[in-house]
Amino acid sequence: MPEPVTFLGRATALVGTHEASAIEMGARTLLKKRDRAAAEFPVMEEMRDRARAIRLHALSNLDRLLGHFADRAEEAGVNVHFAADAEEASATVARILEETGSRLVVKSKSMVSEEIELNEHLEASEIEVVETDLGEFIVQLAGDTPSHIIAPVLHMMRQDVGRLFEEKLGVAYTEDPTELNQIAREHLREKFLQADAGISGVNIAVAETGSVILVTNEGNGRLTTTAPRVHIALMGMERIVSRWEDAAVVLEVLARSATGQRLSVYTNVVTGPRREGEPDGPEQVHVVVIDNGRSEVLAGGTAEILACIRCGACLNACPVFRSVGGHAYGTVYSGPVGSVVTPGLHGMEPWWELPYASTLCGACEEVCPVRIQIPSMLLQLRAQAAEGGRLPGWLEKGMSRYTQTAVSPKKWARAKRWASLLSAPISSKGWIRHLPGPGRGWTDSRDLPRPAKESFTDWWRSNRGS
Amino acid sequence: MQGPDIQLFVTCLVDTMAPEVGRASVNALEATGRTVGFPEGQSCCGQPAFNVGLWDMAREMAAHTLDVLDGTEGPIVVPSGSCAEMLIHHYPALFAETDRKEQASRVSERTVELTRYLTSQPEAPAASCDGCEVAYHYSCHGLRGLGLAETADQLLEGVDRVELEGDTECCGFGGLFSVEMPSVSTAIMDDKLDKVETSGATMLVGSDVSCLMHMEGGLRRRGSDIEVKHIAELLEPGDA
C-alpha cells in the first residue's frame, strides 16, 4: 500500500495504533514534568517573558547579530559558512568532509540536519554517518524517522527498542532501559574513537563571543564535538542571541519546558577549535548557518515562529499531536510549531493542510516558553490556504451558502424550518445517526441532535416578543 | 422608552440546536434582576468561516452581527466562551483596517460571556442539581481565550462535583475540524469520554453548546446514559 500523502490520511492510519499509544503516554509524561518544573520555579513566568523578549530582539536584529557572531567566531578560529538552502548546506558539509579526508562521521542530534536531509546526502557520497543520540541512533537503526523534535523515538516503547537491538545488533533481548543504554554506548564508543568528524546541531549561538551551545542529556554532544579531528556545527540562522546573559535566560526555560529538568545534563559550549596546550578538542571547527526558507518566513506574517527554541512543549500539550504523533505530519517539525514552520519553510504546497491539523485549543501557546502565538498564526495560514483556493469544494461552497443565509434574517428563518423538516425522516427520538456526504464525518462516530422544531428566535417571538 | 438592561446574543447553535439553553440563559439573566433583550436578526457570529480561513465570509457574517448589535445598549451577553471570544478578540482584528473598526471595538467592549456576566452581578444565581454528580468541562476558548475558570466554579458551588481528569484539555471538537478531520477529532473525544465515564459523573456540564453537542453525540453513540447540560440549564430556579 502506498504511503498516505495527506496529514489526514497518515493521521487516520495512526489513530489507535501501538505507536499512537506510545506517543500519548510519552507526551503526557513530558508535559507533566514540564508543568511540575514550571510550578517549582518561582520566576518561570517572568523568565518566559524575558526569553520571549530576547528571542524577538534577536529576530529583529538577525543580520547584525549573525555578522557579529561570524566575526567573533572567526577570531576564535572557526570557519563560518552561510548556506542559502538545503542543497548548499549539505554540499558545504560534504565539501568540508572531503577536504579533511573524513569517511566516518559521528552525529549528535540536529533537527536542522534532518530538515536538509543531510544523512541521505552524505550516504550517497559513501560517507558513513552514525547517529549518537540514543533516540536518533534507534531511529537510524530502524530506518525510521523521528516522531518528536526532542524525543525522536517517543513512538516506540522500550520493548520495541529491545527487539530492534536484538535484531540489528545481535544482542540478547532486554527491555531494561539501563541495559539498552549500555548496549548503545558500547556500540557507539568505538565509533567515537574512530570518527574523523563530528556533526552537531546548535541550540543557541552567542553573538558576543562567537560560541555555540549544545544541550544534551547523554554526553554524546560533548564526545561528538571533542573526540574527532573536525567538528561541524549546523545551525538554523535564527538560533542566535546577543549575549551570554540572554543565553542563560533561554537555558532557564529550555530544559524546564522540554523535559522538566532545571538544566539538561550537559550544556556544552564550543568557542573555536583546540588551542595550543589544550589536551583535547578538534583541529577544525566549522559552523554552517542555514537559511533554507527562513528569510522568507522572517519577512512574512509568521516571523515570530522563528523565536521557537525547539523545546517540544507545544507538541506534548497538543491533543492532535498526542493522538497521532509526529509521523502524521510527514515532515521533520511536527506538532503545532511544525504546522507553522513547515508551510513557511517549504511552501503551502503541499503543506497547506498542516495548519488545519489543530482544534485551536490554545494549549500550545499556554506552554510555549517564549509565548509564541501559535493559534493565531495557524489561523493566518488557514486564511492564506483558503485564499489560494485550496479548501475542498464542499467546504467553500457550503460556507458561502451558509454566509448568505446567515446575513439574511428571512433566509435564516427559512433555513431553520427546512433543517428541522428535512431532518425529521432521518432522526429518531431527536437524534440523527447517519448523515450523507461530508456530514458522515460527524455521524461516523457521533450522534447529532436534530435541529429544534422551535428555534430560540421563534420561542422569543411567541413568548417575549413585543 | 427605556430599552432592556442587557442584550442576549444567543449564538447560531443555541438558536437552531439547543433553544432550551437560550431560554435557560434568559431565566438566569433575569434572576439577577435585569431585563433582557434579544436583538432581532441575529444569526451566526462568523466563527466557522473565520476558523477555516474564509475571512471574507467571516467578515460578512460579522458585519451583519455588528449591525444587529451595535444599535442596542448595555452588555451583550453570550452563552458561549467561543463565540464571545470571536466578538471580543477577533472582530477588532478582522475589521482593524476597515471603516467598521470603531463599530467592532464598541461591540467587542460590550460583549461578555454568560458565566462571567452572572458572577459579576451582586445577585448571581446558583446552580442546583439534586442527586447529580457533575463533571465540568472547561472549554478551550473560554478558558484560554477569555480566562474563564472561576466563573463556572463559583456558579457550581452548590452542586456535587466529581473530579474530571484533564478537565482543561480540549474535547476534540474544534469546529469544522470535527468534520474535516473526524478520525483525529474522534480520537481526542474518545480520550475525553473515557475520562468522563471513569469520573463517576452522572452529568457532564460545560458552557459551550458546541463542545457539549460533540461530547453528547459521542456519549450517546457509546450508549452512555450520562446527561449533558449547559451550565445555564442548572441555574434555572426549580430545575433540580
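Reminder, nothing fancy here: chain letters follow the sequence lines and each chain counts from 1.
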Roughly how far, to the nearest 0.5 Å, is the OG1 atom of A/Thr403 from the CE atom of B/Met61?
3.0 Å
Specify which of A/Thr457, A/Asn463, A/Leu8, A/Leu391 makes the most heavy-atom pairs with chain B at under 4.5 Å.
A/Thr457
Between B/Gly218, B/Gly53, B/Gly174, B/Gly166, the one whose heavy-atom pairs under 4.5 Å with chain A are most numerous:
B/Gly53
Can you find a heavy atom in the side chain of B/Met181 that is under 4.5 Å from one in the side chain of A/Val320?
no
Of the listed B/Pro48, B/Ala18, B/Ser43, the one with the largest count of heavy-atom pairs under 4.5 Å with chain A is B/Ser43
With chain A, which of B/Glu180, B/His214, B/Met213 has the greatest number of heavy-atom pairs at distances under 4.5 Å?
B/His214
Between B/His141 and A/Leu360, the two heavy atoms sitting closest are NE2-O, 3.0 Å
Could you tell me which non-hydrogen atom of B/Gly22 sits nearest to which non-hydrogen atom of A/Phe456, and how far apart they are?
C-CE1, 3.2 Å
Picking from A/Thr359, A/Leu381, A/Val15, A/Asp447, which has the most non-hydrogen pairs under 4.5 angstrom with chain B?
A/Asp447
Portion of B/Glu169 that has a non-hydrogen atom of chain A nearer than 4.5 angstrom:
side chain
A/Pro319 side chain near B/Ile188 side chain, heavy-atom distance below 4.5 Å:
yes
Using non-hydrogen atoms only, which part of B/Val26 is less than 4.5 Å away from chain A: side chain, backbone, both, or neither?
side chain
Pairs of heavy atoms under 4.5 Å with chain B: top-ranked of A/Gly441, A/Ala328, A/Cys361:
A/Cys361
For B/Cys12, is it the side chain, the backbone, both, or neither that has a heavy atom closer than 4.5 Å to a heavy atom of chain A?
both
A/Glu365 versus chain B, heavy atoms under 4.5 Å apart: side chain, backbone, both or neither?
neither
Residue among A/Ser323, A/Ala386, A/Ser445, A/Gly362 with most heavy-atom pairs under 4.5 Å to chain B:
A/Ser445
Counting heavy-atom pairs under 4.5 Å to chain A, which of B/Val184, B/Asp67, B/Asp190 comes out on top?
B/Val184
Within the distance-only criterion (no hydrogens, no angle test), does the side chain of B/Asp15 pair as donor or acceptor with the backbone N or O of A/Ser455 below 3.5 angstrom?
no
Of all of A/Thr443, A/Asp458, A/Val324, A/Leu448, which one pairs up most often with chain B through heavy atoms under 4.5 Å apart?
A/Thr443
Under the criterion side chain to side chain contact (heavy atoms under 4.5 Å, CB included), which of A/Met399, A/Glu387, A/Arg382 is the partner of B/Leu54?
A/Met399
B/Asp56 versus chain A, the contacting section by heavy-atom distance below 4.5 Å
neither
Non-hydrogen atoms of chain A under 4.5 Å away: do they reach the side chain of B/Met215, the backbone, both or neither?
neither
Please examine the side chains of B/Pro182 and A/Asp444, heavy atoms only from C-beta on, and report whether any two atoms are closer than 4.5 Å.
no
Indicate yes or no: at least one non-hydrogen side-chain atom of B/Pro19 is less than 4.5 angstrom from one of A/Trp459.
no
Is the number of heavy atoms from other residues, nucleotides or ligands within 6.0 Å of CD (B/Glu97) greater than 12?
no
Sort B/Glu40 into side chain, backbone, both or neither according to what part of it lies under 4.5 angstrom from a heavy atom of chain A.
side chain
Contact check, side chains of A/Pro409 and B/His64, non-hydrogen atoms, under 4.5 Å:
yes
Are there more than 12 heavy atoms of other residues, nucleotides or ligands under 6.0 Å from atom CD of A/Glu454?
yes
Side chains of B/Ser185 and A/Arg446: donor-acceptor distance under 3.5 Å anywhere?
yes
Spell out, as yes or no, whether a donor-acceptor pair under 3.5 Å connects the side chain of A/Tyr356 to the backbone of B/Val52.
yes
Quick check on B/Arg23 against chain A: is it the side chain, the backbone, both or neither that has a heavy atom closer than 4.5 Å?
both
For the pair B/Arg220 (side chain) and A/Pro449 (backbone), establish whether a donor and an acceptor sit closer than 3.5 Å, ignoring hydrogens and angles.
no
Determine whether A/Tyr402 and B/Cys44 satisfy the following criterion, side chain to side chain contact (heavy atoms under 4.5 Å, CB included), listing intermediate values before the conclusion.
CA-CA 9 Å; A/Tyr402 179 73; B/Cys44 173; 3.1 Å; yes
Can you find a heavy atom in the side chain of A/Arg450 that is under 4.5 Å from one in the side chain of B/Met17?
no
Under 4.5 Å from any heavy atom of chain A, what part of B/His90 do you find: side chain, backbone, both or neither?
side chain
Can you confirm whether more than 12 heavy atoms, excluding those of A/Lys33, are under 6.0 Å from its NZ atom?
no
Which answer fits B/Leu8, side chain, backbone, both or neither, if we ask what part of it has an atom under 4.5 Å from a heavy atom of chain A?
side chain
Max heavy-atom pair count under 4.5 Å with chain A, selected residue of B/Ser178, B/Gly172, B/Gly41, B/Ala58:
B/Ser178
Within-4.5 Å side-chain heavy-atom neighbours: B/Trp55 and A/Leu379:
yes
Segment of B/Leu143 engaging chain A (4.5 angstrom heavy-atom cut-off)
neither
Top of A/Arg433, A/Arg322, A/Glu396 for chain B proximity - count of heavy-atom pairs under 4.5 angstrom
A/Arg433
Any salt bridge between B/Asp191 and A/Arg28, counting N to O under 4.0 Å?
yes
Decide yes or no for A/Ser400 and B/Met57: does some side-chain heavy atom of the first lie under 4.5 Å from some side-chain heavy atom of the second?
yes
Can you classify the ring geometry of A/Trp460 versus B/Phe38 as parallel (below 30°), tilted (30 to 60°) or perpendicular (above 60°)?
tilted
Atom pair CZ (A/Arg10) and OG (B/Ser183), whose distance is rounded to the nearest 0.5 Å:
12.0 Å
Count the heavy atoms belonging to other residues, nucleotides or ligands that lie under 6.0 Å from CD of A/Glu45, then report whether that count exceeds 12.
yes
Interchain contact, B/Val179 with chain A, by part (heavy-atom threshold 4.5 Å):
both
Got a sec: does the CH2 of A/Trp418 have more than 12 other heavy atoms crowding it under 6.0 Å?
no
